[in-house]
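Let me begin by presenting the structure, written as structure tokens, before commenting on it.
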Amino acid sequence: MARSFPAKPVSFVRGLAHELFTADGTSYTDLGGASHGVANFGHSHPRIVAAIQEQAARLTYATATIPSPVRGEFLDKLHRILPSHIGRTFLCNSGTEAIEGALKHAATRTGRTKFVAMRGAFHGRTLGALGGTFRPQYRKPFEALVPDFTFTPLNDTAALEAAVTNEVAAVLVEPVQGEGGLAVATDQFLRDAERIAHAHGALLIVDEVQTGLGRTGRDLAIHGTGAKPDIIALGKSLAGGLPVGATCMTDEVAAAMPPGGHGTTFGGSPLVCAAGSAALDVLREERLSERALQSGDHLRTALLALGSPLVREVRGRGLMVGVDLRIKSQPVLDALLSQRLLALGAGPTVVRFLPPLAIPRANLDAAVATLGTILQSQALAASAEVAA
Ligand SMILES: Cc1ncc(COP(=O)(O)O)c(C=O)c1O
């Protein structure tokens with residue numbers, strides 16, 4: 001691999017549910033550090049594995065220009081969890097592609113090319129999606145290549161009102177910012193974003209690449225907020241671990257795209273759709289959204305109960321949880337890894353947990369206890385670094 005990101009000092013040959021195994025059989029717990037939000041349904045879920053095996057032997061690939069029963073079944077199941085005003089889906093291969101599709105559809109629907117996103121946002125790394133990704137480290141070298149984005153603070157309705165003009169194609173929001181440190185968009189702000197966008201003839205795009213599929217304790221984080229986005233982007237766990245993205249939109253938005261205006265070679269392949277169909281069955285039958293809600297509450301309560309002076313805040317929704325530290329998170333992530341716990345960073349000071357949604361409470365409790373011990377041991381050494 002080209003090393004545009006650092007490699008972890010561990011390698012796995014097998015996974016099952018929330019566990020990963022090295023070649024010598026040593027087991028690690030995946031709290032998100034190995035799966036980056038892809039393993040909502042756990043690693044190698046037997047039901048999803050069986051669906052992949054069966055479909056691979058039957059028909060792995062045919063272009064999405066050819067109708068396919070397995071794709072139809074997957075889309076039917078997907079649209080059962082999407083809001084009913086979302087009538088069409090374009091299937092692609094990743095979250096960033098789902099955002100590219102969202103930007104292109106917003107541009108064709110509105111005839112505009114300016115966008116507004118949130119400070120702290122992460123929408124991907126291809127050149128369109130990168131435009132909506134906030135962190136200068138990601139965007140700076142490519143600034144001249146990305147579309148015209150303005151950033152406003154999350155949950156700041158007045159700033160959004162000021163930024164959205166009649167030249168804006170769409171407002172982009174993550175219901176919970178993943179990379180941005182687990183900041184949660186309020187229901188009111190999501191409704192305000194819809195109102196402000198529509199008042200100016202712009203669209204609301206909600207990026208559920210990380211928050212979707214049960215992660216926040218709902219099938220989609222947008223459910224129950226009262227906001228009606230024009231476009232919803234999905235990815236990550238949607239196909240149970242195979243590469244996938246989905247740009248889901250209203251019929252009106254879909255109708256504005258001219259023939260040939262957007263396309264894909266691999267998107268919507270029978271193999272990925274079979275995996276996605278099984279994944280959506282698992283989501284429903286194992287009541288994973290409900291379990292994520294309960295386990296997430298349990299995890300946040302346990303993290304707060306640590307009472308560590310190094311913990312500034314515990315944030316998130318469902319099993320999308322961030323611990324904002326008063327010290328840098330990387331040494332804590334390294335210490336967790338040495339205890340065979342794979343968590344994730346989110347900005348310089350946040351330890352992020354995105355475990356499989358069915359992870360047993362005992363594993364969450366053990367992880368919190370280990371984190372508590374690590375924070376205690378780092379408290380003294382780090383005291384010089386403690387921020388105000
Ligand atoms: C909210 C959000 N949007 C988009 C993306 C990009 O997805 P991908 O890495 O599959 O391109 C990510 C990836 O982390 C994400 O968290």
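Predicted model only: the values in this text are computed from it and were never measured.
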Would you call Val314 and Val321 a side-chain contact if the rule is heavy atoms closer than 4.5 Å? yes
Do Glu73 and Lys77 sit within salt-bridge range, that is, some charged N less than 4.0 Å from a carboxylate O? yes
One thing to verify: whether Glu167 and Lys114 come together as a salt bridge, which I'm taking to mean a side-chain N less than 4.0 angstrom from a carboxylate O. yes
Below 4.0 angstrom, N of the basic side chain to O of the carboxylate: do Glu19 and Arg14 qualify? no
pair Leu190-Ile222: side-chain heavy atoms closer than 4.5 Å: yes
Taking a hydrophobic cluster as the set of Ile, Leu, Val, Met, Phe, Trp and Tyr residues connected by side-chain heavy atoms closer than 4.5 Å, whether directly or through intermediates, do Leu91 and Leu103 fall within one such cluster? no
Begin from the C-alpha positions of Thr96 and Thr126 and carry the test side chain to side chain donor-acceptor pair (under 3.5 Å) through to its verdict. CA-CA 6 Å; Thr96 198; Thr126 50; 2.7 Å; yes
Note: Leu283 and Ser289 closest approach over all heavy atoms is CD1-OG, 3.8 Å
Leu310 and Leu375 have their tightest heavy-atom pair at CD1-O, 3.6 Å
Would the distance check show the side chain of Thr133 and the main-chain N or O of Gly124 forming a donor-acceptor pair, the cut-off being under 3.5 Å? yes
Over 12 foreign heavy atoms within 6.0 Å of CZ, Arg112: yes
Quick one: does any side-chain atom of Arg326 pair with a main-chain N or O of Pro309 as donor and acceptor, under 3.5 Å? yes
Using modelled atom types and a 3.5 Å cut-off, is there a donor and acceptor pairing between side-chain atoms of Ser295 and backbone atoms of Arg291? yes
Ile196 and side chain to side chain contact (heavy atoms under 4.5 Å, CB included): which partner among Val116, Val171, Thr157, Val168? Thr157
Is it possible for you to say whether Ile48 and Leu75 belong to one hydrophobic cluster, with membership spreading through side-chain heavy-atom contacts below 4.5 Å? yes
Does the side chain of Val350 come within less than 4.5 Å of Val323's, by heavy atoms? no
Using atom types as modelled and distance alone, determine if a side-chain donor or acceptor of Arg119 lies under 3.5 Å from a backbone N or O of Phe151. no
For the student: nearest non-hydrogen atoms of Ala183 and Leu154, plus distance: CB-CD2, 3.8 Å
Would you say the side-chain atoms of Thr29 pair up with the backbone N or O of Leu341, donor to acceptor, closer than 3.5 Å? no
Does any N or O in the side chain of Arg135 come within less than 3.5 Å of the main-chain N or O of Gly180, such that one atom is a donor and the other an acceptor? no
Sidechain-backbone polar pair: Ser338 side chain, Ala335 backbone, donor-acceptor under 3.5 Å: yes
Give a yes or no on whether Lys228 atom NZ has more than 12 heavy-atom contacts from other residues, nucleotides or ligands under 6.0 Å away. no
For the hydrophobic clusters of this structure (ILVMFWY residues joined by side-chain heavy atoms under 4.5 Å, transitively), does one cluster hold both Leu280 and Leu271? yes
Val173 and Ile205, any side-chain heavy atoms less than 4.5 Å apart: no
Does any part of the side chain of Ile374, heavy atoms only, come nearer than 4.5 Å to the side chain of Gln378, both counted from C-beta? yes
Backbone of Gly268 reached by a side-chain donor or acceptor of Arg71 within 3.5 Å: yes
Answer yes when Glu252 and Arg88 have at least one side-chain N-carboxylate O distance shorter than 4.0 Å, and no when they do not. no
Step through it carefully: locate the ring centre of Tyr138, locate the ring centre of Phe122, and say whether they are under 6.0 Å apart. yes
Report the C-alpha separation of Thr65 and Thr63 in whole Å, then their side-chain angles, then the decisive distance to 0.1 Å, and conclude whether the side chain to side chain donor-acceptor pair (under 3.5 Å) test is met. CA-CA 5 Å; Thr65 59; Thr63 159; 2.9 Å; yes
Closest non-hydrogen atoms of Met320 and Thr216, given as atom of the first, atom of the second and distance, are SD-CG2, 4.2 Å
Glu143/Lys140 ion pair, N-O < 4.0 Å: yes
Side-chain H-bond candidate by donor/acceptor type, His45 with Glu286, under 3.5 Å: yes
Contact summary for Gly15 and Leu20, nearest pair of heavy atoms: CA-CD2, 3.8 Å
Ring center gap for Tyr28 and Phe12 short of 6.0 angstrom: yes
Main-chain N/O of Val38 paired with Ser35 side-chain donor or acceptor, under 3.5 Å: no
Correct closest heavy-atom pair for Leu337 and Pro9 would be CD2-CD, 3.7 Å
Residue Arg195 excluded, over 12 heavy atoms near CZ under 6.0 Å: yes
Tell me if the CZ atom of Arg139 is crowded by more than 12 foreign heavy atoms within 6.0 Å. yes
Ring-plane angle category for Phe266 and Tyr61, please: parallel below 30°, perpendicular beyond 60°, tilted otherwise. perpendicular
With heavy-atom distances below 4.5 Å as the criterion, would you say the side chains of Ile327 and Val332 are in contact? yes
Following the transitive rule for hydrophobic clusters with a side-chain heavy-atom cut-off under 4.5 Å over Ile, Leu, Val, Met, Phe, Trp and Tyr, establish whether Leu303 and Leu31 coincide in one cluster. yes
Is any side-chain heavy atom of Phe134 closer than 4.5 Å to one of Met118? no
Could you tell me whether Arg352 and Glu179 have a side-chain N and a carboxylate O separated by less than 4.0 Å? yes
Can you check whether Ala98's main-chain N or O pairs, donor with acceptor, with Thr247's side chain at less than 3.5 Å? yes
